[in-house]
Amino acid sequence: MYRHLESRLAESVRDFLRRTYQLEIAAVVIEQPPKIEFGEYALPIAFELARKLRKPPRKIAEEIVAGIGPVAGIEKFEIAGAGYINVRVKRAEIAAALAADQAPAAAVPPGKVLVEHSSINPNKAAHIGHLRNAILGDTFVRLLRFAGREVDIQNYIDNTGVQVADVVVGFLYLEEKSRGQIEALAAAPRFDFYCWDLYARVSQWYEQDKQNLQTRAAVLHAIEEGNNEIAAIADLISTAVLKRHLETMDRLDIEYDFLPRESEILHLHFWDAAFTKLKEAGVLTYETEGKNKGCWIMRRAGTALTTEGPSASLRAGSGDTEETKISEEDQKVIVRSNGTVGYVGKDIAYHMWKFGLLGRDFGYLKFFRYPNQHDCWISTTDGEKEHPHFGDVAEIYNVIDARQAEAQNTVVEALRGLGHGEAADRYTHFSYEMVALTPRCAAELGYDLSEEDKARSWIEVSGRKGFGVKADDLLDALIASARKEVDSRHPELSEAERASTAAQIAIGALRYFMLKYTKPSVIAFDFEDALSFEGETGPYTQYAVVRATNIFRKGGFDPDSFCAASPVSTEDFAKYLAGPEGDEIWGLWIAAAKTSYVVGQCIATTEPAYLAKHTFQLAQLFNTFYHRFPILSEADEGRKKFLLTTVAVVRRELMRILAAMGITVPAVM
RNA sequence: GCGCCCUUAGCUCAGUUGGAUAGAGCGUCUGGCUACGAACCAGAAGGUCGGGAGUUCGAAUCUCUCAGGGCGCGCCA
């Protein structure tokens, strides 16, 4: 609603400037006045135009206000200060539309969106860093779907890499387990935890004697080769760990549609197809001298001497004749001198497939059925005939931490070099910073800290050292903590009700915690902060909804149908939304009207934290309102109906935005 | 050395395209439960927005520079 009004306002201003001053303004800046009494929108445009029109801002503001004419939904324009134009909306009209939940349809861009997230190495338990990735990715998916987009969720599985090889080495050479023994372990609960410890031991074993690395090389080679006992064991381990990851993420209500695996990138020869095209386009060049002699190389992203458009396209078109030699340090090896392809090369092939540019496809098998009956598919060489159509999408978002920015940019540059500039432009590296531990948290986990480490604001987790907080452990701790509160507050509830309430609160706390920080901020994890249910937390926002629901329950009304069943007249809206008290309540209405506006901002900036902040602010405004205005005891029936309508609308919008963050609200808390 | 990111209240962080007196949570202090349940609310204290220069009517926000911190830069993934 808010978003719709804003764009209509911007359009009117643009029209006015065009017909009055023959000016074309690309983006009309619209902001919010510091106080709701000033209006809902503020236009600083007169300042911007002062120089251009060589008139004082106030004069321009006067001309705009006098000449802009009526705008639907807008009450009036006022000049404030040196030239601000404050805009007041027709409160009653807007409120009536909101109460009726009449959201104007927004235009949805065509084409499917692919979001890749999680992509956890299937060799050990998921940890808090993976949780940030999955929660960011899953929330972004929900935001896109909220905005009407069709989305495919993919989770890339590197099942043939060194990390899986390391755990295979652990089972076969440190523990000397048979295939049968490994199978038995893999079927036991929390096999991923077992691998977590084993992986750390293998890393130590390598440290003890570098000779041991040869064992890794041999195992890795066998895995990549396929069709042998070691490869079969690697597959059973990685598949079992992968299932555990899916179970862990399902606890947070995070699901995937398709799991492309590296083994199929290899066995279906995706790389061969990509390699041919990359050579033809001159993206890859064969190095004949220096340290990378015998390799196929590419210019590392961000190292080009000139980045201007014309020279870039000239380079792409005319091949390598004008290409200056890439200096050794700017070279990125894509194919090694022994003929094997590296990680970036496989990623290029995978991304060509994502955009439907490779000319090959995976085989597909049903892999995992969620409790809600949704099927998650996995790649295979020879799959089922009937399967959904994956890939071939219009836009992609890769939720991958900031450390991989350069590799991601290299993939984008490869696409550009292949002549797929449009695809490259619709490739977004959804970059975020890592989750580290506070020194205090590290100490709690029994990690020995140097004096230097103690002085740091955070310490990086390390899978190799087995140092970190496992996702399932954190969830268990959150649920236990929430359960204690629920037990003491609601002894009357059944065991099952208390368990599900605690789980909802725990998930709300965790998801909000991971979303409240903006992406470039390193999260220094601490149990005390993460286990908090007060202040700026998920449970605070859930509690606001519970309170709203309680009002309806105690009053004997149904919150979902209340607005439709007993509509407030436009006259009454006008009456109760006027004056200082009306201003106060209107602030809550206007915040509740911003859902799609904020969602749009989050998508445009790939920043879900804005939604978390907004949710908290809306909950906070509601809590203040809740204290200021007793509702059930209100004697004036008309006013009571208005106040209940206010609560119903806020509750509805809060539940919507929480759902977009993957947070549900318990019946009581 | 090159590239990317960060530096805002005691602590942890917001501040989206430059805009009206720089915000929140936690912590500290003072108040508020006869309940639409206090997982809450009201109030107080707390900031030369890392330093400097520039652009602008206007800068936490843009540019340059200096300082401090992080990450990346492998024939690993």
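As a basis for the values below, the full set of heavy atoms in this structure was taken, side chains included, without hydrogen atoms, waters or symmetry mates. To find a chain, count down the sequence lines: A is the first, B the second, and so on, and within it residues start at 1. No experiment lies behind these values; they were computed from the predicted model shown.
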Salt-bridge present ([X], [Y]; N to O < 4.0 Å):
X	Y	answer
A:Lys465	A:Glu460	no
A:Glu40	A:Arg88	no
A:Glu637	A:Lys641	no
A:Glu11	A:Arg14	yes
A:Lys59	A:Glu62	no
A:Asp487	A:Arg483	yes
A:Lys35	A:Asp583	no

From the list [options], which nucleotide is the closest neighbour of the side chain of [X]?
X	options	value
A:Gln620	B:G32, B:A24, B:A39	B:A24
A:Pro520	B:C5, B:G74, B:G15	B:C5
A:Pro33	B:A20, B:U21, B:A39	B:A20
A:Phe616	B:A24, B:C73, B:A77	B:A24

Of residues 541-552 of chain A, the positions that come close to RNA chain B - non-hydrogen atoms, cut-off under 4.0 Å: A:Tyr543, A:Arg547, A:Asn550, A:Ile551
Selection: residues 522-534 of chain A, any non-hydrogen atom under 4.0 Å of RNA chain B: A:Val522, A:Phe533, A:Glu534
Comparing A:Arg403 and A:His627 on RNA chain B - which has the more 5′ nearest nucleotide: A:His627
Closest-nucleotide ordering on RNA chain B, the 5'-leading residue of A:Thr501 and A:Trp458: A:Thr501
For the pair made of [atom1] in [X] and [atom2] in [N], what is the distance, rounded to whole Å?
X	N	atom1	atom2	result
A:Glu460	B:G69	CD	P	17 Å
A:Leu515	B:C13	CG	P	16 Å
A:Glu406	B:C73	CD	P	7 Å
A:Leu618	B:A24	CG	P	17 Å
A:Phe47	B:A20	CZ	P	10 Å
A:Glu485	B:C40	CD	P	11 Å
A:Tyr432	B:C13	OH	P	17 Å
A:Gln617	B:U16	CD	P	12 Å

Look at the side-chain N and O atoms of [X] and state whether any lies under 4.0 Å from the OP1 or OP2 oxygen of [N].
X	N	answer
A:Tyr610	B:G15	yes
A:Arg336	B:A77	yes
A:Arg456	B:G70	yes
A:Thr624	B:A42	yes

Describe the nucleic acid contact of [X] in one word from base, sugar-phosphate, nothing, applying a heavy-atom distance below 4.0 Å.
X	value
A:Val341	nothing
A:Lys293	base
A:Lys346	nothing
A:Gly342	sugar-phosphate
A:Phe513	nothing
A:Val333	sugar-phosphate
A:Arg553	nothing
A:Asn86	base
A:Ser521	sugar-phosphate

What distance, rounded to whole Å, do you find between the two [atom1] atoms, one in [N] and one in [M]?
N	M	atom1	result
B:C26	B:U65	C1'	36 Å
B:A59	B:C49	C1'	11 Å
B:U63	B:G47	P	29 Å
B:G1	B:G23	C1'	41 Å
B:G27	B:G70	P	30 Å
B:U8	B:A22	C1'	9 Å
B:G72	B:C66	P	24 Å
B:G31	B:C71	P	47 Å

Within the 6.0 Å centroid threshold, strictly below: A:Tyr350 and A:Phe270: no
Output field: ring centroids A:Phe525/A:Trp458 closer than 6.0 Å: no
A:Tyr540 aromatic ring stacked with six-membered ring of B:C40, 5.5 Å and 30°: no
Identify the nucleotide, in any strand shown, that forms a Watson-Crick or G-U wobble pair with [N], with both distances under 3.5 Å; if there is none, say none.
N	value
B:A38	none
B:A9	none
B:G72	B:C2
B:C29	B:G43
B:C64	B:G52

Distance-only polar pair, side chains of A:Arg651 and A:Thr549, donor-acceptor under 3.5 Å: yes
base_contact_polar (B:A39 base, A:Asn623 side chain, donor-acceptor, <3.5 Å): no
All salt bridge (Lys or Arg N to Asp or Glu O under 4.0 Å) counterparts of A:Glu451, not counting sequence neighbours: A:Lys454
Going by heavy atoms in the side chains, are [X] and [Y] under 4.5 Å from each other?
X	Y	answer
A:Leu658	A:Thr664	no
A:Tyr512	A:Phe616	yes
A:Ile505	A:Met669	yes

